[in-house]
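Encoded as C-alpha coordinates, the structure appears first; notes follow it.
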Amino acid sequence: MIEARHLRILRAVAGTGSFSAAARELGCTQPAVSQQMKALEQSAGTPLLVRAGREMRLTQAGEALVRHAAGILAGLTAAEEEVAAIAGLRAGRVRLVSFPSGSSTLVPTALAAMRAEHPGTRISLVEAEPPRSVEMLRDGDCDVALAFRYAGTDPVGPGSGGAGAPAAEGWEDLVVRPLLTDRLVGLVPEGHRLAGSASVRMAELADEPWIAGCPRCRRHLVEVCEDAGFTPRIDFATDDYPAVAGLVGAGLGVAVLPELAVESVRAKGVSTVAVEPAVEREVVALTLPDLARVPAVAATLAELERAAAR
(Lines give C-alpha, C1' and ligand atoms only; values in the text may rest on other atoms or scores of the structure.)
Protein backbone atom coordinates (compact mmCIF):
# COMPACT_ATOMS: atom_id res chain seq x y z
CA MET A 1 0.00 0.00 0.00
CA ILE A 2 1.35 3.41 -0.97
CA GLU A 3 1.27 5.79 1.97
CA ALA A 4 1.01 9.57 1.86
CA ARG A 5 4.23 10.00 3.85
CA HIS A 6 6.10 7.99 1.22
CA LEU A 7 4.75 10.22 -1.54
CA ARG A 8 5.87 13.34 0.31
CA ILE A 9 9.39 11.95 0.63
CA LEU A 10 9.46 10.94 -3.04
CA ARG A 11 8.47 14.45 -4.08
CA ALA A 12 11.18 15.92 -1.85
CA VAL A 13 13.83 13.62 -3.32
CA ALA A 14 12.68 14.42 -6.85
CA GLY A 15 12.76 18.14 -6.10
CA THR A 16 16.14 18.25 -4.33
CA GLY A 17 17.97 15.50 -6.23
CA SER A 18 19.33 13.61 -3.19
CA PHE A 19 18.38 11.80 -0.01
CA SER A 20 20.45 14.13 2.18
CA ALA A 21 18.93 17.30 0.70
CA ALA A 22 15.44 15.81 0.99
CA ALA A 23 16.16 14.95 4.64
CA ARG A 24 17.15 18.54 5.38
CA GLU A 25 13.99 19.84 3.70
CA LEU A 26 11.77 17.41 5.59
CA GLY A 27 13.54 17.79 8.93
CA CYS A 28 14.54 14.14 9.28
CA THR A 29 17.66 12.00 8.84
CA GLN A 30 19.13 10.73 5.58
CA PRO A 31 18.81 7.06 6.68
CA ALA A 32 15.12 7.65 7.40
CA VAL A 33 14.59 8.98 3.87
CA SER A 34 16.46 6.01 2.41
CA GLN A 35 14.38 3.57 4.45
CA GLN A 36 11.09 5.16 3.44
CA MET A 37 12.06 5.13 -0.23
CA LYS A 38 12.87 1.42 -0.05
CA ALA A 39 9.46 0.81 1.49
CA LEU A 40 7.80 2.80 -1.29
CA GLU A 41 9.61 0.87 -4.02
CA GLN A 42 8.56 -2.39 -2.38
CA SER A 43 4.95 -1.21 -2.40
CA ALA A 44 5.20 -0.08 -6.03
CA GLY A 45 6.95 -3.30 -7.07
CA THR A 46 9.45 -1.47 -9.27
CA PRO A 47 12.44 0.91 -8.90
CA LEU A 48 11.46 4.56 -8.67
CA LEU A 49 14.93 6.15 -8.40
CA VAL A 50 18.34 5.54 -9.94
CA ARG A 51 21.62 7.05 -8.75
CA ALA A 52 23.42 9.23 -11.29
CA GLY A 53 26.66 10.39 -9.69
CA ARG A 54 25.74 12.26 -6.57
CA GLU A 55 22.15 12.82 -7.68
CA MET A 56 19.05 10.65 -7.73
CA ARG A 57 16.95 10.55 -10.85
CA LEU A 58 13.42 9.29 -11.31
CA THR A 59 12.67 6.22 -13.35
CA GLN A 60 9.65 6.30 -15.65
CA ALA A 61 7.56 4.75 -12.88
CA GLY A 62 8.93 7.33 -10.44
CA GLU A 63 7.98 10.17 -12.78
CA ALA A 64 4.44 8.79 -13.08
CA LEU A 65 4.10 8.50 -9.32
CA VAL A 66 5.41 12.01 -8.70
CA ARG A 67 2.96 13.34 -11.28
CA HIS A 68 0.04 11.70 -9.50
CA ALA A 69 1.40 12.52 -6.05
CA ALA A 70 0.67 16.23 -6.44
CA GLY A 71 -3.06 15.63 -6.90
CA ILE A 72 -3.19 12.89 -4.26
CA LEU A 73 -1.48 14.99 -1.60
CA ALA A 74 -3.52 18.07 -2.47
CA GLY A 75 -6.73 16.08 -2.16
CA LEU A 76 -5.59 14.55 1.12
CA THR A 77 -4.74 17.98 2.51
CA ALA A 78 -8.15 19.28 1.50
CA ALA A 79 -9.82 16.28 3.12
CA GLU A 80 -7.84 16.76 6.33
CA GLU A 81 -8.79 20.43 6.46
CA GLU A 82 -12.46 19.66 5.85
CA VAL A 83 -12.52 16.98 8.55
CA ALA A 84 -10.75 19.33 10.95
CA ALA A 85 -13.35 22.01 10.20
CA ILE A 86 -16.18 19.58 10.90
CA ALA A 87 -14.52 18.33 14.08
CA GLY A 88 -14.03 21.93 15.19
CA LEU A 89 -17.66 22.85 14.33
CA ARG A 90 -16.47 25.31 11.66
CA ALA A 91 -18.40 23.21 9.14
CA GLY A 92 -20.71 20.23 9.05
CA ARG A 93 -24.32 19.22 8.51
CA VAL A 94 -27.07 17.95 10.78
CA ARG A 95 -30.36 16.61 9.43
CA LEU A 96 -33.10 17.00 12.02
CA VAL A 97 -36.59 15.51 11.93
CA SER A 98 -39.24 16.63 14.42
CA PHE A 99 -42.94 16.26 15.16
CA PRO A 100 -44.90 19.50 14.47
CA SER A 101 -45.34 20.85 17.99
CA GLY A 102 -41.65 20.28 18.66
CA SER A 103 -40.80 22.09 15.42
CA SER A 104 -42.67 25.19 16.54
CA THR A 105 -41.46 25.29 20.17
CA LEU A 106 -38.15 23.55 20.93
CA VAL A 107 -36.50 23.51 17.51
CA PRO A 108 -36.43 27.28 16.71
CA THR A 109 -34.63 28.10 19.97
CA ALA A 110 -32.12 25.27 19.51
CA LEU A 111 -31.38 26.11 15.88
CA ALA A 112 -31.00 29.82 16.58
CA ALA A 113 -28.43 28.98 19.28
CA MET A 114 -26.60 26.64 16.89
CA ARG A 115 -26.43 29.33 14.21
CA ALA A 116 -25.09 31.86 16.71
CA GLU A 117 -22.49 29.51 18.20
CA HIS A 118 -21.53 27.51 15.11
CA PRO A 119 -22.45 29.48 11.96
CA GLY A 120 -20.57 27.07 9.71
CA THR A 121 -22.81 24.14 10.65
CA ARG A 122 -25.80 23.66 8.34
CA ILE A 123 -28.97 22.19 9.84
CA SER A 124 -31.95 21.02 7.82
CA LEU A 125 -35.42 20.25 9.22
CA VAL A 126 -38.24 18.01 8.05
CA GLU A 127 -41.35 16.99 9.97
CA ALA A 128 -42.51 13.48 10.81
CA GLU A 129 -44.34 11.90 13.73
CA PRO A 130 -42.92 8.86 15.51
CA PRO A 131 -42.57 6.03 14.68
CA ARG A 132 -41.86 7.31 11.15
CA SER A 133 -39.20 9.71 12.46
CA VAL A 134 -37.43 6.84 14.23
CA GLU A 135 -37.51 4.80 11.02
CA MET A 136 -35.92 7.72 9.18
CA LEU A 137 -33.11 7.82 11.73
CA ARG A 138 -32.39 4.12 11.36
CA ASP A 139 -32.59 4.34 7.56
CA GLY A 140 -29.96 7.08 7.49
CA ASP A 141 -32.38 9.80 6.36
CA CYS A 142 -31.68 12.02 9.37
CA ASP A 143 -29.11 12.46 12.13
CA VAL A 144 -31.33 13.52 15.04
CA ALA A 145 -35.00 12.66 15.60
CA LEU A 146 -37.22 14.56 18.02
CA ALA A 147 -39.81 12.04 19.20
CA PHE A 148 -42.24 11.28 22.03
CA ARG A 149 -43.96 8.43 23.78
CA TYR A 150 -46.98 8.40 26.06
CA ALA A 151 -46.22 7.38 29.62
CA GLY A 152 -47.98 4.22 30.70
CA THR A 153 -49.06 3.16 27.21
CA ASP A 154 -45.91 2.63 25.18
CA PRO A 155 -43.91 -0.38 26.40
CA VAL A 156 -40.71 0.55 28.18
CA GLY A 157 -37.45 -1.26 27.59
CA PRO A 158 -33.78 -0.73 28.43
CA GLY A 159 -32.53 2.37 26.63
CA SER A 160 -29.07 3.48 25.59
CA GLY A 161 -29.33 7.04 26.80
CA GLY A 162 -27.66 6.51 30.15
CA ALA A 163 -28.81 5.62 33.61
CA GLY A 164 -32.44 6.48 34.26
CA ALA A 165 -33.10 7.58 30.68
CA PRO A 166 -36.58 6.75 29.38
CA ALA A 167 -36.77 4.66 26.25
CA ALA A 168 -39.64 3.08 24.38
CA GLU A 169 -39.26 -0.54 23.34
CA GLY A 170 -37.50 -0.60 20.01
CA TRP A 171 -35.15 2.24 20.97
CA GLU A 172 -32.55 -0.03 22.60
CA ASP A 173 -30.08 0.58 19.76
CA LEU A 174 -30.39 4.37 19.97
CA VAL A 175 -29.00 7.12 22.15
CA VAL A 176 -31.96 8.61 24.04
CA ARG A 177 -31.72 12.17 25.39
CA PRO A 178 -34.71 13.01 27.64
CA LEU A 179 -35.88 16.59 27.03
CA LEU A 180 -39.11 17.19 28.96
CA THR A 181 -42.38 15.74 30.19
CA ASP A 182 -45.30 17.18 28.21
CA ARG A 183 -48.69 17.06 29.96
CA LEU A 184 -51.93 16.88 28.02
CA VAL A 185 -54.45 19.63 28.67
CA GLY A 186 -58.13 19.80 27.84
CA LEU A 187 -59.56 22.28 25.33
CA VAL A 188 -63.20 23.36 25.60
CA PRO A 189 -65.08 26.28 24.04
CA GLU A 190 -65.02 29.46 26.14
CA GLY A 191 -68.76 29.21 26.81
CA HIS A 192 -68.58 25.55 27.81
CA ARG A 193 -69.97 24.48 31.21
CA LEU A 194 -66.46 23.35 32.26
CA ALA A 195 -64.59 26.44 31.02
CA GLY A 196 -62.70 28.04 33.87
CA SER A 197 -62.59 24.87 35.96
CA ALA A 198 -59.38 24.24 37.85
CA SER A 199 -59.34 20.67 36.55
CA VAL A 200 -61.61 18.28 34.71
CA ARG A 201 -61.88 14.52 35.00
CA MET A 202 -61.97 12.72 31.68
CA ALA A 203 -65.24 11.04 32.64
CA GLU A 204 -66.91 14.49 32.76
CA LEU A 205 -66.34 14.75 29.00
CA ALA A 206 -67.89 11.39 28.16
CA ASP A 207 -70.92 12.84 26.35
CA GLU A 208 -69.00 15.48 24.38
CA PRO A 209 -68.19 15.38 20.68
CA TRP A 210 -64.41 15.10 20.25
CA ILE A 211 -61.83 16.54 17.89
CA ALA A 212 -58.86 14.18 17.61
CA GLY A 213 -55.29 14.79 16.46
CA CYS A 214 -52.69 12.71 14.65
CA PRO A 215 -53.28 8.94 14.28
CA ARG A 216 -51.00 8.05 17.20
CA CYS A 217 -52.58 10.73 19.41
CA ARG A 218 -56.01 9.55 18.29
CA ARG A 219 -55.26 5.99 19.42
CA HIS A 220 -53.97 7.30 22.71
CA LEU A 221 -57.12 9.44 23.18
CA VAL A 222 -59.31 6.38 22.75
CA GLU A 223 -57.20 4.45 25.28
CA VAL A 224 -57.37 7.24 27.85
CA CYS A 225 -61.13 7.64 27.45
CA GLU A 226 -61.72 3.90 27.70
CA ASP A 227 -59.66 3.87 30.91
CA ALA A 228 -62.08 6.55 32.16
CA GLY A 229 -65.05 4.30 31.31
CA PHE A 230 -66.28 5.59 27.92
CA THR A 231 -65.55 5.52 24.22
CA PRO A 232 -65.16 9.02 22.71
CA ARG A 233 -67.42 10.09 19.88
CA ILE A 234 -64.88 11.53 17.45
CA ASP A 235 -66.62 13.90 15.05
CA PHE A 236 -63.48 15.44 13.53
CA ALA A 237 -59.86 14.31 13.18
CA THR A 238 -56.97 16.38 11.88
CA ASP A 239 -53.17 16.35 12.12
CA ASP A 240 -53.19 20.16 12.23
CA TYR A 241 -53.13 21.53 15.78
CA PRO A 242 -54.43 25.02 14.83
CA ALA A 243 -57.35 23.26 13.14
CA VAL A 244 -58.08 21.34 16.35
CA ALA A 245 -58.09 24.58 18.33
CA GLY A 246 -60.21 26.30 15.68
CA LEU A 247 -62.83 23.55 15.74
CA VAL A 248 -63.00 23.68 19.53
CA GLY A 249 -63.22 27.49 19.46
CA ALA A 250 -66.15 27.23 17.05
CA GLY A 251 -68.00 25.10 19.60
CA LEU A 252 -67.81 21.90 17.58
CA GLY A 253 -66.34 19.73 20.28
CA VAL A 254 -63.64 19.26 22.92
CA ALA A 255 -60.08 17.98 22.66
CA VAL A 256 -56.94 17.19 24.59
CA LEU A 257 -53.59 18.39 23.29
CA PRO A 258 -50.03 18.33 24.62
CA GLU A 259 -48.94 21.59 26.25
CA LEU A 260 -46.29 22.01 23.53
CA ALA A 261 -49.04 21.95 20.92
CA VAL A 262 -51.12 24.51 22.83
CA GLU A 263 -48.07 26.79 23.06
CA SER A 264 -47.67 26.63 19.29
CA VAL A 265 -51.18 27.82 18.36
CA ARG A 266 -53.30 30.89 19.00
CA ALA A 267 -56.44 29.32 20.36
CA LYS A 268 -59.22 31.87 19.92
CA GLY A 269 -62.45 31.15 21.76
CA VAL A 270 -60.83 28.26 23.61
CA SER A 271 -60.43 27.63 27.34
CA THR A 272 -57.73 25.24 28.55
CA VAL A 273 -58.26 23.08 31.63
CA ALA A 274 -56.09 20.59 33.49
CA VAL A 275 -57.09 16.98 32.89
CA GLU A 276 -57.31 14.44 35.70
CA PRO A 277 -55.86 11.91 36.03
CA ALA A 278 -52.73 13.47 34.54
CA VAL A 279 -51.80 12.23 31.09
CA GLU A 280 -48.20 12.81 30.05
CA ARG A 281 -45.86 12.09 27.20
CA GLU A 282 -42.07 12.00 27.28
CA VAL A 283 -40.32 14.15 24.67
CA VAL A 284 -36.85 12.94 23.71
CA ALA A 285 -34.12 13.48 21.14
CA LEU A 286 -32.80 10.33 19.47
CA THR A 287 -29.66 9.60 17.49
CA LEU A 288 -27.44 6.64 16.64
CA PRO A 289 -24.47 5.84 18.91
CA ASP A 290 -21.90 6.58 16.19
CA LEU A 291 -23.61 9.86 15.28
CA ALA A 292 -23.63 10.96 18.92
CA ARG A 293 -19.83 11.27 18.69
CA VAL A 294 -20.03 13.67 15.72
CA PRO A 295 -19.39 17.18 17.13
CA ALA A 296 -22.21 18.90 15.21
CA VAL A 297 -24.74 16.25 16.26
CA ALA A 298 -23.59 16.40 19.89
CA ALA A 299 -23.91 20.19 19.85
CA THR A 300 -27.43 19.97 18.40
CA LEU A 301 -28.50 17.54 21.12
CA ALA A 302 -27.08 19.87 23.76
CA GLU A 303 -28.97 22.87 22.35
CA LEU A 304 -32.22 20.89 22.26
CA GLU A 305 -31.71 20.05 25.93
CA ARG A 306 -31.12 23.73 26.73
CA ALA A 307 -34.20 24.76 24.77
CA ALA A 308 -36.33 22.25 26.67
CA ALA A 309 -34.99 23.53 30.01
CA ARG A 310 -36.10 27.11 29.34
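Bear in mind the structure is a predicted one, so any value in this text is a computation, not a measurement.
- Heavy-atom contacts from other residues, nucleotides or ligands closer than 6.0 Å to CD of Glu82 number 12 or fewer.
- Of all the heavy atoms in Trp210 and Leu205, the pair that sits closest is NE1-O, 3.4 Å.
- For the atom pair OG1 (Thr238) and CG (Leu247), the distance works out to 7.5 Å, reported to the nearest 0.5 Å.
- The closest donor-acceptor contact from the side chain of Glu226 to the backbone of Glu223 lies at 3.5 Å or more, if one exists at all.
- By the side chain to side chain contact (heavy atoms under 4.5 Å, CB included) test, Arg233 is found to be paired with Pro209, Asp235, residues two or more places apart in sequence or in another chain being considered.
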Next item on the list: Under the side chain to side chain contact (heavy atoms under 4.5 Å, CB included) rule, what do Leu187 and Val254 come out as? Steps first, then yes or no, please.
Entry: CA-CA 6 Å; Leu187 273 64; Val254 299; over 6 Å; no
Next item on the list: Go through the steps for Ile211 and Val248 under the test side chain to side chain contact (heavy atoms under 4.5 Å, CB included), then give the verdict.
Entry: CA-CA 7 Å; Ile211 295 106; Val248 173; 3.8 Å; yes
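- In terms of heavy atoms, Gly251 sits closest to Pro189 at CA-CG, 3.8 Å.
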Side-chain donor-acceptor pairs of residues 112-120 under 3.5 Å, sequence neighbours excluded:
none

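- Contacts classified as salt bridge (Lys or Arg N to Asp or Glu O under 4.0 Å) and involving residues 124-136 (residues at least two apart or in different chains) are given here: Arg132-Glu135.
- Closest of all the heavy-atom pairs between Gly196 and Ser271 is N-OG, 3.5 Å.
- Within the 4.5 Å cutoff, the side chain of Val176 has no heavy atoms near those of the Thr287 side chain.
- Residues Leu137 and Val144 fail the side-chain proximity criterion, which asks for heavy atoms closer than 4.5 Å.
- Residues Val188 and Val270 have side chains not in contact (no heavy-atom distance under 4.5 Å, counting atoms from C-beta outward).
- Hydrophobic clustering (side-chain heavy atoms under 4.5 Å, transitive across Ile, Leu, Val, Met, Phe, Trp, Tyr) groups Ile2 together with Leu26.
- Within a 6.0 Å sphere centred on CG of Asp207, heavy atoms belonging to other residues, nucleotides or ligands number 12 at most.
- In this structure, Ala4 and Leu76 approach most closely via the heavy-atom pair CB-CD2, 3.4 Å.
- The hydrophobic clustering, which links ILVMFWY residues whose side-chain heavy atoms are closer than 4.5 Å, places Val134 and Val97 apart.
- The CG atom of Leu65 lies 9.0 Å from the CG atom of Leu58; values are rounded to the nearest 0.5 Å.
- The heavy-atom pair separating Gly102 from Pro108 by the smallest distance is O-CD, 4.3 Å.
- Side chains of Thr109 and Arg310 form a contact here, defined as non-hydrogen atoms less than 4.5 Å apart.
- Salt bridge status for Glu259 with Arg183: absent, with no side-chain N to carboxylate O gap under 4.0 Å.
- The pair Arg216-Asp239 does not count as a salt bridge, with every side-chain nitrogen at least 4.0 angstrom from each carboxylate oxygen.
- From Glu282, atom CD reaches atom CZ of Arg149 across 4.5 Å, with rounding to the nearest 0.5 Å.
- No side-chain heavy atom of Val256 sits under 4.5 Å from any side-chain heavy atom of Val185.
- Exactly one of Thr181, Leu180, Leu260 qualifies for a side chain to side chain contact (heavy atoms under 4.5 Å, CB included) with Arg281. That residue is Leu260.
- With hydrogens and angles ignored, the 3.5 Å screen pairs a side-chain donor or acceptor of Thr59 with a backbone N or O of Gly62.
- The closest side-chain heavy-atom distance from Val273 to Leu194 is not below 4.5 Å.
- Val126 and Tyr241 are assigned to two separate hydrophobic clusters, defined by single-linkage of ILVMFWY side chains at heavy-atom distances under 4.5 Å.
- Scanning all heavy atoms of the two residues, the minimum distance from Phe230 to Ala203 falls at CE2-CA, 4.0 Å.
- Atom OG1 of Thr121 sits about 11.5 Å away from atom CG of Leu111, to the nearest 0.5 Å.
- With respect to the salt-bridge test (charged N to carboxylate O, under 4.0 angstrom), the residues Arg193 and Glu208 qualify.
- The backbone N or O of Ser18 lies less than 3.5 Å from a partner atom in the side chain of Thr16, making a donor-acceptor pair.
- For Phe99, the ring-ring contact (aromatic ring centres under 6.0 Å, His included) partners at least two apart in sequence or on another chain are Phe148.
- For Thr300, there are no side-chain hydrogen bond (donor to acceptor under 3.5 Å, both in side chains) partners two or more places apart in sequence or in a different chain.
- Under a 3.5 Å cut-off, the side chain of Arg218 and the backbone N or O of Gly213 do form a donor-acceptor pair.
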Checklist line | Evaluation steps, side chain to side chain contact (heavy atoms under 4.5 Å, CB included), between Glu280 and Leu184 | finding: CA-CA 6 Å; Glu280 298 175 337; Leu184 269 63; over 6 Å; no
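- Distance OH/Tyr150 to CZ/Arg219: 10.0 Å, rounded to 0.5 Å.
- Arg95 places a side-chain N or O within 3.5 Å of a backbone atom of Gly140 that can act as its donor or acceptor partner.
- Met202 and Val262 are not part of a single hydrophobic cluster, where members link through side-chain heavy atoms under 4.5 Å apart.
- Inter-residue side-chain proximity for Val50 and Met56 is flagged as unmet; no heavy-atom pair is nearer than 4.5 Å.
- In this structure, Ser98 contributes its side chain and Ser103 its backbone to a donor-acceptor pair below 3.5 Å.
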Margin query: Could you go through Leu304 and Arg177, starting from their C-alpha distance and side-chain angles, then the distance that decides it, and tell me whether this counts as side chain to side chain contact (heavy atoms under 4.5 Å, CB included)?
Written below: CA-CA 9 Å; Leu304 285 168; Arg177 291 287 186 88; over 6 Å; no
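- Using a 4.0 Å cut-off between charged nitrogen and carboxylate oxygen, Arg306 and Glu303 count as a salt-bridge pair.
- Contact of the Leu48 side chain with the Thr46 side chain is registered, since non-hydrogen atoms from C-beta on lie closer than 4.5 Å.
- For Glu55, the CD atom counts as loosely surrounded, since its 6.0 Å shell holds 12 or fewer non-hydrogen atoms of other residues, nucleotides or ligands.
- Pro242 pairs by the side chain to side chain contact (heavy atoms under 4.5 Å, CB included) definition with Asp240, Val265, not counting sequence neighbours.
- The hydrophobic cluster containing Met136 does not contain Val94, counting ILVMFWY residues as joined when their side-chain heavy atoms lie under 4.5 angstrom apart, directly or transitively.
- Note that the CD1 atom of Ile9 and the CD atom of Glu25 stand 11.0 Å from one another [nearest 0.5 Å].
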